[in-house]
Amino acid sequence: MSVETLRSADPVTYGQLVPVTVFFDDLDPLGMLHNSHYPVLAERAWAELGRRNGFVLDGNWTAPSDTCIVAKELKVSYERPIMLPGDYAVHLWTEKIGRTFLTYGFRICAADGTETYAHGHRVVVRIDPQAQRPAPWSDRARAMAVDLLRPSEDETPEAGITV
């Protein structure tokens, strides 16, 4: 793991930067954010972004909804440790959306988006809760995903970051 700070002159030119908080009890015995908490921060930020866009869990787990998702894949690369509680952010974007799946990218970063601590992606599948089978995304969910779509690799500030 590199302790070099990954910086970008203009860190958020696509997607959304969602504020998150790291609490003292999120730190492990070495005083670092525990490795399992990085994806939790990304999931919480994705849920907050969904709430901002009107996707709310209403407690009816049997009704089909764009909030009925299961994780298919999760990849996290750790770049430098978060050593203090406080305000941070998660930079979120859509990498790909299919009929029933969505791949979103994330970057755990400083509150202003300049320093990267970890990055990765998560693949989720929308399911029909009754059939327990993949189900197509609604037009509204698809529109949100398209709004967050990451530009092609050569157009992104992240393209120059090597790990």
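Since the model is a prediction, treat every value here as computed from it, not as a measurement.
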To the closest 0.5 Å, what do you measure between [atom1] ([X]) and [atom2] ([Y])?
X: Asp26; Y: Thr21; atom1: CG; atom2: OG1; result: 9.5 Å
X: Asp25; Y: His34; atom1: CG; atom2: NE2; result: 12.5 Å
X: Asp128; Y: Arg133; atom1: CG; atom2: CZ; result: 10.5 Å
X: Leu33; Y: Asp28; atom1: CG; atom2: CG; result: 8.0 Å

For [X] and [Y], indicate whether the former's side chain and the latter's backbone hold a donor-acceptor pair under 3.5 Å.
X: Arg150; Y: Gly105; value: no
X: Arg99; Y: Ala135; value: no
X: His91; Y: Thr116; value: no
X: Trp93; Y: Phe106; value: no

- Salt bridge flag under 4.0 Å for residues Arg126 and Asp66: yes
- Ion pair Glu48/Arg44, N-O distance below 4.0 Å: no
- With a cut-off of under 6.0 Å to the ring centre and 45° to the axis, is Arg140 in cation-pi contact with Phe55? yes
- Message: One pair to check against ring pair (Phe, Tyr, Trp, His ring centres under 6.0 Å): Tyr88 and Tyr117. What are the steps and the verdict?
- Response: CA-CA 10 Å; Tyr88 295 88; Tyr117 299 96; 5.7 Å; yes
- Item | Ring centres under 6.0 angstrom apart (Tyr78, His119) | no
- More than 12 heavy atoms of other groups within 6.0 Å of Asp139 CG: no
